[in-house]
Protein chains: 2
Amino acid sequence: MATRTRRTDALTRERIVGAAVELLDTAGEGGLTFKALTERLATGAGAIYWHVANKDELLDAATDGAVAAALATEPGGQSPREEIRAVAFGLFDAIDEHPWLGTQLALQFSRNPWGTVTPRIFESIGRRVRALGVPEAAWFTATSALVHYILGAAGQNAANARGAGAGVDRAEFLDNASKAWEKLGPDDYPFLHAIAGQLREHDDREQFLAGLDFVLTGITASV
Amino acid sequence: MATRTRRTDALTRERIVGAAVELLDTAGEGGLTFKALTERLATGAGAIYWHVANKDELLDAATDGAVAAALATEPGGQSPREEIRAVAFGLFDAIDEHPWLGTQLALQFSRNPWGTVTPRIFESIGRRVRALGVPEAAWFTATSALVHYILGAAGQNAANARGAGAGVDRAEFLDNASKAWEKLGPDDYPFLHAIAGQLREHDDREQFLAGLDFVLTGITASV
DNA sequence: ACCTGAACACCGTTCAAGT
DNA sequence: ACCTGAACACCGTTCAAGT
(Lines give C-alpha, C1' and ligand atoms only; values in the text may rest on other atoms or scores of the structure.)
Protein backbone atom coordinates (compact mmCIF):
# COMPACT_ATOMS: atom_id res chain seq x y z
CA MET A 1 0.00 0.00 0.00
CA ALA A 2 1.03 3.55 -0.54
CA THR A 3 2.80 5.13 2.38
CA ARG A 4 2.78 8.88 2.56
CA THR A 5 6.23 10.03 1.49
CA ARG A 6 7.56 13.33 2.77
CA ARG A 7 10.46 15.18 1.31
CA THR A 8 12.96 15.87 4.04
CA ASP A 9 12.65 19.56 3.24
CA ALA A 10 8.85 19.50 3.25
CA LEU A 11 7.25 22.78 4.25
CA THR A 12 5.88 22.71 7.77
CA ARG A 13 4.58 25.34 10.12
CA GLU A 14 7.67 24.88 12.28
CA ARG A 15 10.07 25.39 9.39
CA ILE A 16 8.22 28.54 8.38
CA VAL A 17 8.27 29.95 11.91
CA GLY A 18 11.94 29.02 12.21
CA ALA A 19 12.79 30.87 9.02
CA ALA A 20 10.77 33.86 10.23
CA VAL A 21 12.77 33.96 13.48
CA GLU A 22 16.04 33.82 11.53
CA LEU A 23 14.93 36.74 9.37
CA LEU A 24 13.81 38.74 12.41
CA ASP A 25 17.11 38.05 14.19
CA THR A 26 19.35 38.89 11.25
CA ALA A 27 17.43 41.61 9.44
CA GLY A 28 15.20 43.11 12.11
CA GLU A 29 11.46 43.58 12.12
CA GLY A 30 11.50 45.12 8.66
CA GLY A 31 13.37 42.10 7.33
CA LEU A 32 10.45 39.74 7.69
CA THR A 33 8.62 39.94 4.36
CA PHE A 34 6.88 37.27 2.37
CA LYS A 35 9.34 37.88 -0.43
CA ALA A 36 12.34 37.16 1.81
CA LEU A 37 10.50 34.23 3.37
CA THR A 38 9.58 32.57 0.05
CA GLU A 39 13.15 33.00 -1.21
CA ARG A 40 14.66 31.47 1.91
CA LEU A 41 12.21 28.58 1.84
CA ALA A 42 12.35 28.23 -1.97
CA THR A 43 8.59 28.23 -2.30
CA GLY A 44 5.65 30.43 -3.25
CA ALA A 45 3.57 32.77 -1.14
CA GLY A 46 0.50 30.54 -1.34
CA ALA A 47 2.42 27.64 0.19
CA ILE A 48 3.07 29.68 3.32
CA TYR A 49 -0.57 30.69 3.55
CA TRP A 50 -1.48 27.02 3.53
CA HIS A 51 0.30 26.62 6.87
CA VAL A 52 -0.28 29.98 8.58
CA ALA A 53 -3.28 32.29 8.37
CA ASN A 54 -1.38 35.56 7.93
CA LYS A 55 1.66 37.53 8.99
CA ASP A 56 0.31 38.33 12.47
CA GLU A 57 -0.11 34.65 13.23
CA LEU A 58 3.48 34.15 12.13
CA LEU A 59 4.68 36.87 14.48
CA ASP A 60 2.58 35.45 17.31
CA ALA A 61 4.06 32.00 16.80
CA ALA A 62 7.61 33.39 16.73
CA THR A 63 6.93 35.37 19.91
CA ASP A 64 5.34 32.45 21.70
CA GLY A 65 8.21 30.14 20.80
CA ALA A 66 10.84 32.56 22.05
CA VAL A 67 8.97 33.17 25.33
CA ALA A 68 8.38 29.46 25.89
CA ALA A 69 12.08 28.78 25.38
CA ALA A 70 13.02 31.57 27.79
CA LEU A 71 10.73 30.17 30.48
CA ALA A 72 11.57 26.52 29.84
CA THR A 73 14.31 26.18 32.43
CA GLU A 74 12.52 26.42 35.75
CA PRO A 75 14.79 27.80 38.43
CA GLY A 76 14.44 25.82 41.61
CA GLY A 77 15.89 25.26 45.03
CA GLN A 78 16.36 28.96 45.62
CA SER A 79 14.31 31.50 47.47
CA PRO A 80 11.19 32.79 45.69
CA ARG A 81 12.83 36.17 45.35
CA GLU A 82 15.85 34.65 43.64
CA GLU A 83 13.61 32.61 41.40
CA ILE A 84 11.75 35.73 40.28
CA ARG A 85 15.11 37.32 39.52
CA ALA A 86 16.08 34.27 37.46
CA VAL A 87 12.82 34.26 35.48
CA ALA A 88 13.14 37.99 34.88
CA PHE A 89 16.69 37.60 33.63
CA GLY A 90 15.56 34.79 31.35
CA LEU A 91 13.11 37.16 29.72
CA PHE A 92 15.64 39.99 29.74
CA ASP A 93 18.17 37.83 27.92
CA ALA A 94 15.61 36.56 25.43
CA ILE A 95 14.63 40.12 24.53
CA ASP A 96 18.29 41.07 24.39
CA GLU A 97 18.98 38.20 21.99
CA HIS A 98 15.85 38.81 19.90
CA PRO A 99 15.24 42.57 20.01
CA TRP A 100 12.03 42.20 17.99
CA LEU A 101 10.59 40.38 21.02
CA GLY A 102 10.39 43.65 22.93
CA THR A 103 8.07 45.22 20.39
CA GLN A 104 6.07 42.05 19.86
CA LEU A 105 5.42 41.54 23.56
CA ALA A 106 4.12 45.09 23.80
CA LEU A 107 1.72 44.37 20.93
CA GLN A 108 0.76 40.86 21.97
CA PHE A 109 -2.06 41.61 24.33
CA SER A 110 -3.91 43.94 21.98
CA ARG A 111 -3.42 41.71 18.96
CA ASN A 112 -4.02 38.37 20.56
CA PRO A 113 -5.40 38.69 24.11
CA TRP A 114 -6.36 35.03 24.31
CA GLY A 115 -2.95 33.93 23.18
CA THR A 116 -0.53 31.85 25.19
CA VAL A 117 2.23 34.43 25.66
CA THR A 118 0.79 36.56 28.45
CA PRO A 119 -0.50 33.52 30.41
CA ARG A 120 2.93 31.89 30.30
CA ILE A 121 4.65 34.93 31.77
CA PHE A 122 1.95 35.62 34.36
CA GLU A 123 1.91 32.02 35.52
CA SER A 124 5.67 31.81 35.89
CA ILE A 125 5.98 35.04 37.87
CA GLY A 126 2.73 34.55 39.76
CA ARG A 127 3.65 31.19 41.26
CA ARG A 128 6.71 32.78 42.83
CA VAL A 129 4.70 35.75 44.07
CA ARG A 130 2.52 33.26 45.90
CA ALA A 131 5.62 31.52 47.27
CA LEU A 132 6.85 34.90 48.45
CA GLY A 133 4.04 34.88 51.00
CA VAL A 134 1.98 37.63 49.40
CA PRO A 135 -1.65 37.35 50.62
CA GLU A 136 -4.10 36.10 48.02
CA ALA A 137 -5.94 39.42 47.66
CA ALA A 138 -2.75 41.02 46.34
CA TRP A 139 -1.62 38.24 43.97
CA PHE A 140 -2.90 39.78 40.77
CA THR A 141 -1.77 43.31 41.61
CA ALA A 142 1.73 42.26 42.69
CA THR A 143 2.21 39.96 39.70
CA SER A 144 0.98 42.62 37.28
CA ALA A 145 3.40 45.17 38.71
CA LEU A 146 6.32 42.78 38.27
CA VAL A 147 5.35 41.80 34.73
CA HIS A 148 4.83 45.41 33.71
CA TYR A 149 8.20 46.40 35.07
CA ILE A 150 10.01 43.44 33.50
CA LEU A 151 8.51 43.87 30.02
CA GLY A 152 8.81 47.65 30.13
CA ALA A 153 12.43 47.66 31.23
CA ALA A 154 13.57 44.77 29.03
CA GLY A 155 11.83 46.28 26.02
CA GLN A 156 13.46 49.64 26.53
CA ASN A 157 16.78 47.92 26.92
CA ALA A 158 16.31 46.11 23.63
CA ALA A 159 15.44 49.39 21.93
CA ASN A 160 18.57 50.74 23.50
CA ALA A 161 20.67 47.84 22.18
CA ARG A 162 19.15 48.32 18.74
CA GLY A 163 20.08 52.01 18.85
CA ALA A 164 23.64 50.85 19.09
CA GLY A 165 24.28 47.98 16.72
CA ALA A 166 24.41 49.52 13.25
CA GLY A 167 28.16 50.08 13.22
CA VAL A 168 27.89 52.00 16.50
CA ASP A 169 29.11 50.17 19.57
CA ARG A 170 27.40 50.45 22.90
CA ALA A 171 29.92 52.71 24.61
CA GLU A 172 29.76 55.14 21.70
CA PHE A 173 25.97 55.05 21.66
CA LEU A 174 25.73 55.82 25.37
CA ASP A 175 28.38 58.49 25.04
CA ASN A 176 26.34 60.20 22.31
CA ALA A 177 23.14 59.95 24.32
CA SER A 178 24.90 61.32 27.37
CA LYS A 179 26.29 64.26 25.40
CA ALA A 180 22.82 64.96 24.00
CA TRP A 181 21.48 65.16 27.55
CA GLU A 182 24.31 67.46 28.58
CA LYS A 183 23.45 69.76 25.68
CA LEU A 184 19.80 70.00 26.68
CA GLY A 185 20.27 73.20 28.61
CA PRO A 186 20.43 73.19 32.41
CA ASP A 187 17.51 75.59 32.65
CA ASP A 188 14.86 73.38 31.09
CA TYR A 189 16.49 70.04 31.93
CA PRO A 190 18.50 70.37 35.15
CA PHE A 191 17.90 66.78 36.18
CA LEU A 192 19.01 65.23 32.89
CA HIS A 193 22.02 67.49 32.96
CA ALA A 194 22.90 66.14 36.39
CA ILE A 195 22.57 62.44 35.54
CA ALA A 196 24.13 62.47 32.06
CA GLY A 197 27.22 60.86 33.56
CA GLN A 198 25.19 58.07 35.16
CA LEU A 199 23.58 57.33 31.81
CA ARG A 200 27.02 56.97 30.24
CA GLU A 201 28.38 54.63 32.88
CA HIS A 202 25.41 52.50 33.82
CA ASP A 203 25.30 48.73 33.29
CA ASP A 204 22.07 47.50 31.72
CA ARG A 205 21.78 44.28 33.70
CA GLU A 206 22.69 45.88 37.01
CA GLN A 207 20.14 48.60 36.38
CA PHE A 208 17.47 46.10 35.42
CA LEU A 209 18.09 44.07 38.58
CA ALA A 210 18.11 47.16 40.81
CA GLY A 211 14.74 48.23 39.44
CA LEU A 212 13.33 44.74 39.89
CA ASP A 213 14.51 44.79 43.50
CA PHE A 214 12.66 48.06 44.05
CA VAL A 215 9.42 46.39 42.96
CA LEU A 216 10.11 43.26 45.02
CA THR A 217 11.02 45.26 48.10
CA GLY A 218 7.92 47.39 47.68
CA ILE A 219 5.75 44.29 47.44
CA THR A 220 7.16 42.55 50.50
CA ALA A 221 7.16 45.77 52.52
CA SER A 222 3.55 46.63 51.62
CA VAL A 223 1.61 43.41 52.02
CA MET B 1 4.83 96.29 -1.89
CA ALA B 2 3.62 92.75 -1.98
CA THR B 3 2.79 91.26 1.38
CA ARG B 4 2.84 87.49 1.63
CA THR B 5 -0.77 86.38 1.64
CA ARG B 6 -1.67 83.12 3.34
CA ARG B 7 -4.85 81.24 2.78
CA THR B 8 -6.47 80.62 6.13
CA ASP B 9 -6.38 76.91 5.36
CA ALA B 10 -2.72 76.96 4.29
CA LEU B 11 -0.92 73.70 4.87
CA THR B 12 1.41 73.86 7.85
CA ARG B 13 3.34 71.27 9.79
CA GLU B 14 1.00 71.80 12.73
CA ARG B 15 -2.13 71.23 10.66
CA ILE B 16 -0.63 68.05 9.23
CA VAL B 17 0.32 66.72 12.67
CA GLY B 18 -3.11 67.66 13.98
CA ALA B 19 -4.84 65.74 11.19
CA ALA B 20 -2.55 62.78 11.86
CA VAL B 21 -3.54 62.77 15.54
CA GLU B 22 -7.23 62.87 14.60
CA LEU B 23 -6.78 59.90 12.28
CA LEU B 24 -4.84 57.97 14.92
CA ASP B 25 -7.49 58.70 17.55
CA THR B 26 -10.46 57.80 15.39
CA ALA B 27 -9.14 55.03 13.17
CA GLY B 28 -6.23 53.59 15.14
CA GLU B 29 -2.65 53.10 14.09
CA GLY B 30 -3.67 51.49 10.81
CA GLY B 31 -5.86 54.48 9.99
CA LEU B 32 -2.96 56.84 9.47
CA THR B 33 -2.16 56.56 5.76
CA PHE B 34 -1.06 59.19 3.28
CA LYS B 35 -4.21 58.53 1.32
CA ALA B 36 -6.45 59.32 4.31
CA LEU B 37 -4.24 62.25 5.21
CA THR B 38 -4.33 63.84 1.74
CA GLU B 39 -8.11 63.40 1.56
CA ARG B 40 -8.66 65.00 4.95
CA LEU B 41 -6.33 67.87 4.11
CA ALA B 42 -7.56 68.13 0.51
CA THR B 43 -4.07 68.11 -0.90
CA GLY B 44 -1.51 65.88 -2.61
CA ALA B 45 1.10 63.59 -1.12
CA GLY B 46 3.97 65.78 -2.24
CA ALA B 47 2.57 68.73 -0.30
CA ILE B 48 2.84 66.77 2.93
CA TYR B 49 6.40 65.77 2.14
CA TRP B 50 7.27 69.42 1.75
CA HIS B 51 6.50 69.91 5.48
CA VAL B 52 7.56 66.59 7.03
CA ALA B 53 10.38 64.26 6.03
CA ASN B 54 8.44 60.99 6.23
CA LYS B 55 5.84 59.06 8.15
CA ASP B 56 8.12 58.33 11.10
CA GLU B 57 8.74 62.03 11.63
CA LEU B 58 4.98 62.52 11.60
CA LEU B 59 4.51 59.85 14.26
CA ASP B 60 7.32 61.32 16.34
CA ALA B 61 5.74 64.76 16.19
CA ALA B 62 2.34 63.39 17.17
CA THR B 63 3.88 61.46 20.08
CA ASP B 64 5.91 64.41 21.28
CA GLY B 65 2.91 66.72 21.17
CA ALA B 66 0.74 64.34 23.19
CA VAL B 67 3.45 63.79 25.81
CA ALA B 68 4.19 67.50 26.09
CA ALA B 69 0.48 68.17 26.63
CA ALA B 70 0.27 65.44 29.27
CA LEU B 71 3.24 66.88 31.18
CA ALA B 72 2.23 70.52 30.72
CA THR B 73 0.34 70.94 33.99
CA GLU B 74 3.00 70.76 36.68
CA PRO B 75 1.57 69.43 39.92
CA GLY B 76 2.83 71.46 42.83
CA GLY B 77 2.42 72.09 46.53
CA GLN B 78 2.10 68.40 47.29
CA SER B 79 4.63 65.89 48.53
CA PRO B 80 7.11 64.56 45.96
CA ARG B 81 5.43 61.18 46.16
CA GLU B 82 2.05 62.68 45.36
CA GLU B 83 3.56 64.67 42.53
CA ILE B 84 5.03 61.52 41.01
CA ARG B 85 1.60 59.93 41.25
CA ALA B 86 0.08 62.94 39.50
CA VAL B 87 2.63 62.90 36.66
CA ALA B 88 2.18 59.14 36.25
CA PHE B 89 -1.59 59.53 36.05
CA GLY B 90 -1.16 62.29 33.50
CA LEU B 91 0.74 59.87 31.27
CA PHE B 92 -1.67 57.05 32.06
CA ASP B 93 -4.63 59.20 31.01
CA ALA B 94 -2.87 60.41 27.86
CA ILE B 95 -2.18 56.83 26.79
CA ASP B 96 -5.73 55.89 27.70
CA GLU B 97 -7.08 58.72 25.56
CA HIS B 98 -4.66 58.06 22.68
CA PRO B 99 -4.05 54.28 22.68
CA TRP B 100 -1.53 54.62 19.83
CA LEU B 101 0.70 56.50 22.29
CA GLY B 102 1.46 53.27 24.12
CA THR B 103 2.96 51.63 21.06
CA GLN B 104 4.70 54.78 19.92
CA LEU B 105 6.38 55.36 23.28
CA ALA B 106 7.72 51.82 23.20
CA LEU B 107 9.17 52.47 19.75
CA GLN B 108 10.39 56.00 20.40
CA PHE B 109 13.76 55.29 21.88
CA SER B 110 14.87 52.93 19.13
CA ARG B 111 13.55 55.11 16.34
CA ASN B 112 14.57 58.47 17.65
CA PRO B 113 16.90 58.18 20.66
CA TRP B 114 17.88 61.86 20.54
CA GLY B 115 14.27 62.95 20.38
CA THR B 116 12.52 65.08 22.95
CA VAL B 117 10.03 62.51 24.23
CA THR B 118 12.20 60.43 26.56
CA PRO B 119 13.97 63.50 27.99
CA ARG B 120 10.66 65.14 28.82
CA ILE B 121 9.44 62.14 30.79
CA PHE B 122 12.75 61.49 32.53
CA GLU B 123 13.11 65.10 33.55
CA SER B 124 9.62 65.33 34.98
CA ILE B 125 9.89 62.14 37.03
CA GLY B 126 13.55 62.66 37.91
CA ARG B 127 13.08 66.05 39.55
CA ARG B 128 10.59 64.50 41.93
CA VAL B 129 12.87 61.54 42.63
CA ARG B 130 15.48 64.05 43.72
CA ALA B 131 12.91 65.85 45.87
CA LEU B 132 12.06 62.48 47.42
CA GLY B 133 15.49 62.55 49.07
CA VAL B 134 17.01 59.75 47.00
CA PRO B 135 20.81 60.03 47.14
CA GLU B 136 22.44 61.24 43.93
CA ALA B 137 24.10 57.91 43.12
CA ALA B 138 20.67 56.28 42.79
CA TRP B 139 18.92 59.02 40.79
CA PHE B 140 19.24 57.43 37.40
CA THR B 141 18.39 53.92 38.58
CA ALA B 142 15.35 54.99 40.58
CA THR B 143 14.02 57.24 37.82
CA SER B 144 14.53 54.53 35.20
CA ALA B 145 12.61 52.01 37.30
CA LEU B 146 9.68 54.41 37.67
CA VAL B 147 9.61 55.32 33.97
CA HIS B 148 9.83 51.68 32.92
CA TYR B 149 6.98 50.73 35.19
CA ILE B 150 4.80 53.67 34.15
CA LEU B 151 5.25 53.18 30.41
CA GLY B 152 5.00 49.40 30.65
CA ALA B 153 1.84 49.41 32.74
CA ALA B 154 0.12 52.26 30.91
CA GLY B 155 0.96 50.68 27.55
CA GLN B 156 -0.48 47.35 28.59
CA ASN B 157 -3.56 49.08 29.86
CA ALA B 158 -4.03 50.84 26.54
CA ALA B 159 -3.68 47.52 24.72
CA ASN B 160 -6.24 46.22 27.15
CA ALA B 161 -8.62 49.10 26.42
CA ARG B 162 -8.15 48.56 22.69
CA GLY B 163 -8.99 44.88 23.15
CA ALA B 164 -12.33 46.05 24.35
CA GLY B 165 -13.63 48.88 22.22
CA ALA B 166 -14.73 47.26 18.97
CA GLY B 167 -18.32 46.73 20.05
CA VAL B 168 -17.15 44.86 23.12
CA ASP B 169 -17.42 46.77 26.37
CA ARG B 170 -14.85 46.53 29.09
CA ALA B 171 -16.77 44.30 31.47
CA GLU B 172 -17.45 41.83 28.69
CA PHE B 173 -13.82 41.89 27.58
CA LEU B 174 -12.55 41.20 31.08
CA ASP B 175 -15.17 38.52 31.56
CA ASN B 176 -14.00 36.76 28.40
CA ALA B 177 -10.36 37.03 29.40
CA SER B 178 -11.19 35.74 32.86
CA LYS B 179 -13.04 32.76 31.41
CA ALA B 180 -10.12 32.02 29.11
CA TRP B 181 -7.83 31.87 32.13
CA GLU B 182 -10.24 29.61 33.97
CA LYS B 183 -10.23 27.26 31.00
CA LEU B 184 -6.45 27.02 30.92
CA GLY B 185 -6.33 23.84 32.96
CA PRO B 186 -5.42 23.93 36.64
CA ASP B 187 -2.54 21.52 36.10
CA ASP B 188 -0.44 23.71 33.81
CA TYR B 189 -1.78 27.05 35.00
CA PRO B 190 -2.79 26.79 38.67
CA PHE B 191 -1.94 30.40 39.43
CA LEU B 192 -3.94 31.89 36.54
CA HIS B 193 -6.80 29.64 37.52
CA ALA B 194 -6.67 31.06 41.03
CA ILE B 195 -6.60 34.73 40.04
CA ALA B 196 -9.09 34.65 37.15
CA GLY B 197 -11.63 36.30 39.44
CA GLN B 198 -9.25 39.11 40.36
CA LEU B 199 -8.65 39.78 36.67
CA ARG B 200 -12.39 40.13 36.14
CA GLU B 201 -12.93 42.54 39.00
CA HIS B 202 -9.83 44.66 39.02
CA ASP B 203 -9.91 48.40 38.41
CA ASP B 204 -7.26 49.61 35.96
CA ARG B 205 -6.44 52.87 37.69
CA GLU B 206 -6.35 51.33 41.17
CA GLN B 207 -4.08 48.58 39.89
CA PHE B 208 -1.80 51.07 38.16
CA LEU B 209 -1.50 53.15 41.33
CA ALA B 210 -0.89 50.12 43.54
CA GLY B 211 1.98 49.00 41.27
CA LEU B 212 3.43 52.50 41.24
CA ASP B 213 3.34 52.51 45.03
CA PHE B 214 5.27 49.26 45.10
CA VAL B 215 8.05 50.89 43.11
CA LEU B 216 7.97 54.07 45.22
CA THR B 217 7.98 52.12 48.48
CA GLY B 218 10.84 49.99 47.21
CA ILE B 219 12.85 53.06 46.31
CA THR B 220 12.36 54.87 49.60
CA ALA B 221 12.95 51.70 51.61
CA SER B 222 16.16 50.79 49.74
CA VAL B 223 18.11 54.01 49.51
C1' DA C 1 -3.48 17.67 0.55
C1' DC C 2 -0.21 20.65 -0.69
C1' DC C 3 2.07 23.86 -3.68
C1' DT C 4 2.83 27.45 -7.69
C1' DG C 5 3.06 32.07 -9.05
C1' DA C 6 0.58 35.63 -11.41
C1' DA C 7 -2.66 39.12 -10.08
C1' DC C 8 -4.73 42.46 -6.86
C1' DA C 9 -5.28 46.18 -3.68
C1' DC C 10 -2.76 49.05 -0.94
C1' DC C 11 1.17 51.38 0.93
C1' DG C 12 5.08 55.16 1.51
C1' DT C 13 7.91 57.95 -1.28
C1' DT C 14 9.68 60.51 -5.38
C1' DC C 15 9.74 63.93 -8.80
C1' DA C 16 8.82 66.50 -13.07
C1' DA C 17 5.70 69.89 -13.73
C1' DG C 18 2.97 73.67 -12.32
C1' DT C 19 1.92 78.38 -9.68
C1' DA D 1 8.34 78.72 -1.87
C1' DC D 2 4.82 75.71 -2.04
C1' DC D 3 1.79 72.44 -4.18
C1' DT D 4 -0.08 68.77 -7.71
C1' DG D 5 -0.73 64.13 -8.85
C1' DA D 6 0.98 60.50 -11.74
C1' DA D 7 4.51 57.04 -11.30
C1' DC D 8 7.41 53.77 -8.77
C1' DA D 9 8.89 50.11 -5.80
C1' DC D 10 7.26 47.30 -2.40
C1' DC D 11 4.04 45.03 0.57
C1' DG D 12 0.47 41.29 2.32
C1' DT D 13 -3.02 38.44 0.53
C1' DT D 14 -5.88 35.80 -2.81
C1' DC D 15 -6.94 32.30 -5.97
C1' DA D 16 -7.29 29.61 -10.26
C1' DA D 17 -4.48 26.22 -11.71
C1' DG D 18 -1.44 22.46 -11.08
C1' DT D 19 0.37 17.78 -8.79
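Chain naming here is simple, since letters A, B, ... match the order of the sequence lines and numbering starts at 1 in each.
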Nearest to side-chain heavy atoms of Lys55(B), which nucleotide of dT13(C), dC3(C), dC11(D): dT13(C)

Quick one: is His51(B) getting a side-chain N or O under 4.0 Å of the dC3(D) phosphate, OP1 or OP2? yes

If you only use heavy atoms from C-beta on, which nucleotide in dT13(D), dG12(C), dT14(C) is closest to the side chain of Phe34(B)? dG12(C)

Of all the nucleotides listed (dT13(D), dC3(D), dT13(C)), which has the minimum atom distance to the side chain of Ala45(B)? dT13(C)

Checking the side chain of Thr38(A) only, and the main-chain atoms of Phe34(A) only, is there a donor and an acceptor separated by less than 3.5 Å? yes

Looking only at the side chains, is there a donor atom on one of Thr63(B) and Gln108(B) sitting less than 3.5 Å from an acceptor on the other? no

Whole-Å distance between dC3(D) C1' and Arg15(B) CZ? 13 Å

Can you measure Ile48(A) atom CD1 to dC11(D) atom P for me and round it to whole angstrom units? 13 Å

Taking atom P of dC11(D) as reference, at what distance in whole Å does atom CG of Leu23(A) sit? 12 Å

Could you tell me whether the side chain of Ser178(A) and the main chain of Ala196(A) form a donor-acceptor pair under 3.5 Å? yes

Checking N1-N3 plus N6-O4 or O6-N4 for Watson-Crick, or N1-O2 and O6-N3 for wobble, each under 3.5 Å, the partner of dA17(C) is none

For dG12(C), the Watson-Crick or wobble partner whose two distances fall under 3.5 Å: dC8(D)

Using the side-chain heavy atoms of Tyr49(B), tell me which of these nucleotides is nearest: dG12(C), dC3(C), dC11(D). dG12(C)

Could you state the atom-to-atom distance from CD1 of Ile16(B) to C1' of dC2(D) in whole Å? 11 Å

Nearest to the Lys35(A) side chain among dT4(C), dC11(D), dC3(C), which nucleotide is it? dC11(D)

Whole-Å distance between dT13(C) P and Glu57(B) CD? 11 Å

Any chance the rings of Tyr189(B) and Phe122(A) have centres within less than 6.0 Å? no

Looking across every strand, which nucleic acid part, if any, lies under 4.0 Å from Leu32(B) by heavy atom: base, sugar-phosphate, or nothing? sugar-phosphate

Spacing of Asp56(A) atom CG relative to dC11(D) atom P, expressed in whole Å: 17 Å

Would you kindly give the CG-to-P distance between Leu37(A) and dC3(C), to the nearest whole Å? 13 Å

On DNA chain D, nearest-nucleotide positions of Gly30(A) versus Ala53(A): which is more 5'? Gly30(A)

Round to the nearest Å and state the distance from Leu59(A) atom CG to dG12(D) atom P. 10 Å

With under 30° as parallel and over 60° as perpendicular, where do the rings of Phe92(A) and Phe89(A) fit, or are they tilted in between? perpendicular

Does a side-chain N or O of Trp50(B) approach OP1 or OP2 of dC3(D) to a distance below 4.0 Å, or not? no

